[in-house]
Trainee: 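Here's a structure for you.
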Amino acid sequence: MQTFVAPMFSIDEGSLPSEIIGVSPLARIYYGQTEAGPRVIDGVLELPVHMVTDGTAGFIETWHATGNVTVVIRGSVAVAHDGQQLVCAGFVPRHGRWADAIRQAYAQGIALADELGYANIFRMWNMIGHINETNQDGLEVYRDFCVGRAEAFDVRKMIDGVPSATGIGSRGDGISFYFLATRSGRITNLENPNQVPAFEYPDDYGPRPPSFARASTIDGADKLFISGTASILGHRTMHVGNIEKQLETTRDNLQALLRASEDDERGWQLEHVKVYVRHSRDLETVRRFVEQNLPTPTPPVYMNVAICRSDLLVEIEGVAR
Ligand code: 3HB
């Protein structure tokens, strides 16, 4: 039976929560005002990601370990693992074309996780600078990124299908990513019956579809990891230009995922949410909506960043229990 400890959010470094199991954290993701490659500080894997605007407090996402932690660095990626779980973090600086560099970095991370025995990747985050701009060939950066990630996943056929994910704009220039994997524990991926699976999107959305599942659970972990979710039905963006309506469709999609588990009796409840808002002018509307419609025991965190499709105004991800 696997013990999985949920991420814990804190508002700033000064209020970092005390470690909950008495061992070092597996990794800390610094959601702040700088981006850089993964680093090891006092034996802890850290990844600084540029996700908050100047003058706004960031937060630290801590992944808690369940045993002694070992950190390994290889090339542009680093992993931390504790015998049960692994976090891999990577950073690719700005490129004129992204696919090759992303394929290499992801392939390196996946190979390292495989070698160490953590073959089951179940959740990943990708923070993409200039996400809606074009690369030197005129291809949108997000679509270019999707090509590289898909090629890395082609190389190692994903055992349980593609993991749940977030692919979101950042305020930096490069692409930062991290993923979580387990040594054991069967992964079950869920899809939203109201959406075409992202990995089956038609090629109107780019040369390779985005490789991710809408949500994932792991046997014994008692957690549902919900991917970045937005105002998409079928494969189309709904309510272009209307933040209130996009929020309603996003909420409905989140609720569909909470109900999508075969284990219907289970009744998943959202515990943590991260909210990405394209325009700062919409922040208060979004905050009010989230408080009223998506209550969670821990405060949501809000980031003012671009979203993978230029017509999406808001995206919400979560962890449910
Ligand atoms: C992704 O490409 O990983 C992704 C993008 C999204 C939402 C979730 C995942 O907009």
Side-chain angles (χ1 to χ4, degrees), residues 29 49 51 88-90 92 98-99 102-103 105-106 109-110 121-132 139-154 158 161-170 175-181 189-192 194-216 224-240 246-247 249-251 253-254 256-257 260 272-278 303-320:
I29 315 299
V49 294
M51 293 296 285
C88 172
V92 178
W98 287 97
I102 289 296
R103 183 187 61 247
Y106 249 98
I110 293 169
I121 300 175
F122 61 92
R123 183 66 168 94
M124 59 188 168
W125 284 263
N126 303 283
M127 282 134 298
I128 303 171
H130 310 279
I131 188 168
N132 301 133
L139 181 67
E140 190 188 35
V141 168
Y142 174 64
R143 296 175 180 207
D144 191 1
F145 160 80
C146 282
V147 172
R149 179 178 55 177
E151 288 175 355
F153 286 2
D154 288 343
M158 306 300 284
V162 288
S164 54
T166 294
I168 197 76
S170 79
I175 298 184
S176 310
F177 69 91
Y178 60 103
F179 66 73
L180 311 178
N189 292 323
L190 303 182
E191 289 300 319
N192 179 342
N194 306 319
Q195 293 182 315
V196 172
F199 51 85
E200 291 176 358
Y201 280 174
D203 57 14
D204 319 18
Y205 298 100
R208 295 290 305 261
S211 325
F212 73 94
R214 299 291 179 193
S216 315
L224 176 69
F225 294 90
I226 302 179
S227 292
T229 300
S231 178
I232 294 173
L233 291 177
H235 57 73
R236 289 182 211 288
T237 300
M238 306 306 287
H239 312 301
V240 172
Q246 285 207 7
L247 280 163
T249 305
T250 302
R251 172 201 59 202
N253 280 332
L254 288 165
L257 285 166
H272 303 279
V273 294
K274 285 195 198 129
V275 185
Y276 306 98
V277 185
R278 180 180 291 277
M303 285 158 272
N304 173 208
V305 288
I307 294 166
C308 71
R309 285 187 192 178
S310 46
D311 52 12
L312 287 171
L313 300 173
V314 63
E315 181 165 305
I316 303 178
E317 64 171 63
V319 180

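Starting from 1, each residue takes its place in the sequence as its number. Whatever order the structure lists ligands and atoms in, that order sets their numbers, starting from 1.
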Trainee: Between Arg149, Arg143, Glu315, which one has a non-hydrogen atom sitting closest to atom 1 (C) of ligand 1?
Mentor: Arg149

Trainee: Does the plane of the ring in Trp125 sit parallel, tilted or perpendicular to the ring in Tyr178? Use 30° and 60° as the thresholds.
Mentor: parallel

Trainee: Any N or O on Ser227 sitting closer than 3.5 Å to an N or O of ligand 1?
Mentor: no

Trainee: Considering only heavy atoms, does Ile168 approach ligand 1 within less than 4.0 Å through its side chain, its backbone, both, or neither?
Mentor: neither

Trainee: List every atom of ligand 1 that sits less than 4.0 Å from any heavy atom of Thr166, numbering the atoms from 1 in the order shown and giving each element.
Mentor: 3 (O), 4 (C), 8 (C), 9 (C)

Trainee: Test of understanding: given a 4.0 Å heavy-atom threshold, classify the contact between Ala165 and ligand 1 as side chain, backbone, both, or neither.
Mentor: both

Trainee: Look only at the side chain of Asp144 and the backbone of Leu139, and say whether a donor-acceptor pair between them is shorter than 3.5 Å.
Mentor: no

Trainee: Apply side-chain contact (heavy atoms from CB on, under 4.5 Å) to residues His239 and Leu313 and explain how you reach the verdict.
Mentor: CA-CA 10 Å; His239 312 301; Leu313 300 173; over 6 Å; no

Trainee: Under a heavy-atom criterion of less than 4.0 Å, does Glu317 contact ligand 1?
Mentor: no

Trainee: Look at atom 4 (C) of ligand 1 and say which protein heavy atom is nearest, naming residue and atom and giving the distance to 0.1 Å.
Mentor: Gly167 N, 3.2 Å

Trainee: Considering non-hydrogen atoms only, spot the tightest contact between Tyr201 and Arg214 and give its length.
Mentor: OH-NH2, 2.9 Å

Trainee: Give the ring-plane orientation class for Tyr106 versus Phe177, where under 30° counts as parallel, over 60° as perpendicular and anything between as tilted.
Mentor: parallel

Trainee: With a cut-off of 4.0 Å, which atoms of ligand 1 are near a heavy atom of Cys308?
Mentor: 6 (C), 10 (O)

Trainee: Among Ile232, Leu233, Thr249, whose side-chain contact (heavy atoms from CB on, under 4.5 Å) with Asn194 holds?
Mentor: Leu233

Trainee: Starting from atom 2 (O) of ligand 1, locate the nearest protein heavy atom and write down its residue, its atom name and how far away it is, to 0.1 Å.
Mentor: Tyr142 OH, 2.5 Å

Trainee: Side-chain donor-acceptor pair under 3.5 Å between Thr229 and Arg251, yes or no?
Mentor: no

